[in-house]
J.: 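One structure coming up, written as structure tokens, with questions to follow.
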Amino acid sequence: MRRPQHSDRQPALRGGPDPGPEGRLTVRLLGPLEVVVGARTVELTAGRLRTLLATLAMSAGRPVTVDHLAMAVWGQDFPVDVPRTVSTYMTRLRTTLGAGSIVFNPAGYVLRAAPEDVDALRFDMLLNAAAQAVDPLREAELVDEAVTLWRGVPFEGVRSAWLDTTEVPRMVDRYLSAVERRADQLVSVGRSADLLPQLRELTIRFPLRESLWARLLVALDRCDRPVEALEQYKLIRGRINRELGVDPGPELQRIYRELLGHTLDSSVARPDPPLQVVPRQLPADVNGFAGRTAEVEELDDLLDDGAGQGVRPARIVVIDGTEGVGKTALAVHWAHQVAHRFPDGQLYVDLHGDDPASRVTSPARAIDALLDSLQVPAHNRPGSVEGQAALFRSMLSGRRVLTVLDNARDADQVRPLLPGGPGCVALVTARTPLTGIVVALGARVLRLDRPNIDEARQLLAHRLGVDRVRAEPDAVAEIIESCARLPLALARVATSADTARPLAEVAARLRNKRMKAI
């Protein structure tokens with residue numbers, strides 16, 4: 001695709017969303033598309049205008065690039081002149097919604113609507129607030145309000161392969177998790193009968209989501225219908241066995257045993273029983289990690305992006321950069337810093353993507369290692385990589401787990417190892433850009449460059465001692481130059497440097513070695 005040359009003449013955005021003279025703009029995406037401007041319902045009959053508005057609405061109040069809009073509307077079948085074509089459609093959309101509804105600034109197009117006036121964003125905001133609520137009653141109110149925003153399938157009537165493969169699965173998964181939380185709350189206060197119609201409908205629509213079936217069985221038992229609950233268990237067990245080639249997971253099997261013994265108690269209503277051994281697989285943090293303050297802050301921002309504002313946290317982050325630039329060190333250090341935010345575990349796999357092809361970790365071996373970490377018995381695993389990847393996502397659904405996939409070779413190696421639930425984060429390191437992951441799954445990218453001189457000096461000070469580095473500034477500068485500011489090379493030099501030998505000798509040795517190489 002040719003890079004767009006932005007030339008829209010609309011005024012730049014100043015300030016936040018402004019309803020303008022046309023009135024408040026409301027967009028409903030959690031079902032058939034509905035648009036209201038002031039008191040006027042707006043009908044968008046053109047399919048691309050509907051897709052354009054839905055894409056803008058998912059970033060209400062924030063700029064959306066021309067590239068992103070083109071991908072959402074046209075997929076890979078781009079028009080000849082992308083900027084001009086997008087501008088033409090924007091003019092038509094403004095004509096329908098009102099002249100002030102969409103503005104353009106150097107970062108892209110902005111829909112001037114408040115996030116809370118887009119039901120999909122409000123849904124995220126409510127669930128984020130519920131997750132932070134201290135009062136259980138307030139949490140229940142927020143979850144209930146979020147669930148009631150749904151009117152059907154998200155983006156119904158909006159055609160976009162990008163929305164279908166990114167936003168729809170994410171929002172459906174978050175909706176189902178919210179329904180399950182609400183079910184647990186209603187069971188705990190004796191309102192199981194209220195759940196049955198919705199749970200029956202959802203288990204038909206999502207027949208392999210075991211956590212929904214678990215709540216249906218619990219609700220039936222609470223309504224004094226244990227025989228029906230047992231019949232439903234046999235139904236889901238047969239379906240899972242036929243389609244995945246495995247038995248139901250531990251939660252369903254436990255509920256089944258307790259149904260047989262008529263000993264089902266309130267504890268089974270918990271949505272996500274903890275693993276017997278929570279995996280804590282991160283390698284040791286880097287001794288004397290220094291610098292990279294801006295990069296650590298950017299990773300923190302990616303994790304927290306939009307918390308409480310209706311925008312989902314980043315779920316997949318790719319750190320790419322040249323050999324020796326410190327990708328693994330940064331990933332492991334940051335993972336240790338945020339590990340407490342992932343109480344259900346931290347997984348780590350070295351994919352050996354920079355090794356010869358014969359030593360690269362295959363997706364099959366990697367997913368097998370991850371399932372081992374989650375204590376899934378070998379006889380319960382599907383035979384295909386695709387089936388095992390689906391099982392892995394099911395195991396993480398509703399949990400908060402951090403997965404570090406180190407030294408990835410390409411997108412195909414990584415794709416089966418990525419979680420699906422919004423509570424999980426995958427941190428991937430690679431030497432080359434993983435374009436397939438970025439484009440298809442909306443991964444965020446952090447390109448790691450060599451540290452600056454001050455950061456390189458700080459790294460050596462941590463390894464060699466502040467006084468020693470301060471005493472020989474010229475030698476330190478030469479060492480940094482000889483190592484091309486690469487953290488891995490600097491760490492190796494610092495590790496091998498004799499504490500009794502002046503740094504000037506270390507610098508001279510590196511200089512001689514460099515001269516011989518020339």
Side-chain angles (χ1 to χ4, degrees), residues 8 10-11 13 15-64 68-70 72-74 85-104 108-127 142 144-164 166-168 170-172 174-175 178-179 198 201 205 306 309-312:
D8 198 289
Q10 290 298 318
L13 176 64
D18 179 1
E22 297 85 8
R24 178 178 176 180
L25 174 60
T26 302
V27 183
R28 300 187 181 98
L29 302 169
L30 300 179
L33 176 66
E34 293 182 1
V35 185
V36 179
V37 179
R40 173 174 61 97
T41 299
V42 175
E43 294 290 340
L44 295 176
T45 55
R48 285 173 178 162
L49 289 184
R50 297 167 70 86
T51 304
L52 200 62
L53 177 59
T55 306
L56 287 169
M58 288 303 293
S59 298
R62 297 182 293 119
V64 184
H68 185 86
L69 290 168
V73 176
W74 287 279
T85 305
V86 170
S87 180
T88 299
Y89 276 93
M90 284 296 178
T91 301
R92 293 174 58 188
L93 196 53
R94 289 189 188 101
T95 301
T96 304
L97 301 179
S101 59
I102 302 169
V103 294
F104 182 81
Y109 289 92
V110 182
L111 183 70
R112 303 198 77 178
E116 58 267 24
D117 289 334
V118 178
D119 59 354
L121 302 186
R122 180 167 178 78
F123 171 75
D124 277 335
M125 293 167 67
L126 289 167
L127 291 186
L142 291 167
D144 192 62
E145 184 179 352
V147 169
T148 56
L149 289 173
W150 282 61
R151 299 170 293 112
V153 178
F155 308 104
E156 186 175 333
V158 177
R159 289 181 296 177
S160 170
W162 181 81
L163 289 171
D164 288 345
T166 57
E167 292 296 339
V168 172
R170 175 189 74 82
M171 298 206 69
V172 168
R174 199 161 197 211
Y175 168 69
V179 167
Q198 184 182 37
E201 176 192 352
R205 288 175 54 195
Q309 301 177 23
V311 183
R312 72 173 176 86

J.: Hey, does Arg28 have a side-chain heavy atom less than 4.5 Å from the side chain of Val36?
T.: yes
J.: Please walk me through it: do Leu25 and Val118 pass side-chain contact (heavy atoms from CB on, under 4.5 Å)?
T.: CA-CA 9 Å; Leu25 174 60; Val118 178; over 6 Å; no
J.: Rounded to the nearest 0.5 Å, what separates atom CZ in Phe155 from atom CG in Asp164?
T.: 9.0 Å
J.: Could you go step by step and tell me if Val35 and Thr41 meet the side-chain contact (heavy atoms from CB on, under 4.5 Å) rule?
T.: CA-CA 6 Å; Val35 185; Thr41 299; over 6 Å; no
J.: Could you go step by step and tell me if Asp124 and Arg170 meet the salt bridge (Lys or Arg N to Asp or Glu O under 4.0 Å) rule?
T.: CA-CA 11 Å; Asp124 277 335; Arg170 175 189 74 82; 3.2 Å; yes
J.: Does any N or O in the side chain of Ser59 come within less than 3.5 Å of the main-chain N or O of Leu56, such that one atom is a donor and the other an acceptor?
T.: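 No; zero donor-acceptor contacts below 3.5 Å.
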J.: Does the side chain of Thr55 reach to within under 4.5 Å of the side chain of Val158, using non-hydrogen atoms?
T.: no
J.: Surrounding CZ of Arg159 (heavy atoms of other residues, nucleotides or ligands, distance under 6.0 Å), is the total greater than 12?
T.: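 Atom CZ in Arg159 is not crowded, with 12 or fewer foreign heavy atoms closer than 6.0 Å.
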J.: Please enumerate all residues that pass side chain to side chain contact (heavy atoms under 4.5 Å, CB included) together with Val172, with sequence neighbours excluded.
T.: Trp150, Pro154, Val168, Leu176, Phe206
J.: What residues form a side chain to side chain donor-acceptor pair (under 3.5 Å) with Asp119, not counting sequence neighbours?
T.: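 Scan of Asp119 (side chain to side chain donor-acceptor pair (under 3.5 Å), adjacent residues dropped) gives none.
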J.: For Glu43, check salt bridge (charged side-chain N to carboxylate O under 4.0 Å, His left out) against everything at least two apart and list the hits.
T.: none
J.: Under the salt bridge (charged side-chain N to carboxylate O under 4.0 Å, His left out) rule, collect the residues that match up with Arg48, sequence neighbours excluded.
T.: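 Expected list: none.
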J.: Is a side-chain donor or acceptor of Ser160 paired with a backbone partner of Ala72 at a separation under 3.5 angstrom?
T.: yes
J.: Sequence neighbours left out, what passes salt bridge (charged side-chain N to carboxylate O under 4.0 Å, His left out) with Glu156? Give chain and number order.
T.: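 Result, salt bridge (charged side-chain N to carboxylate O under 4.0 Å, His left out) vs Glu156: none returned.
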J.: Apply salt bridge (charged side-chain N to carboxylate O under 4.0 Å, His left out) to Asp144 and list each qualifying residue two or more places apart in sequence or on a separate chain.
T.: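 Partners of Asp144 under the salt bridge (charged side-chain N to carboxylate O under 4.0 Å, His left out) test: Arg182.
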J.: To the nearest 0.5 angstrom, please state how far the CG atom of Leu30 sits from the CZ atom of Arg122.
T.: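 That separation rounds to 11.5 Å.
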J.: Is there side-chain contact between Leu53 and Thr96, with at least one heavy-atom pair below 4.5 Å?
T.: no
J.: Shortest non-hydrogen contact from Ala113 to Ala60?
T.: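 In this case the closest contact between Ala113 and Ala60 is O-CB, 3.5 Å.
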J.: Quick one: closest heavy-atom pair of Leu44 and Leu49, and the distance?
T.: CD1-O, 4.2 Å
J.: Does the side chain of Val103 come within less than 4.5 Å of Tyr109's, by heavy atoms?
T.: no
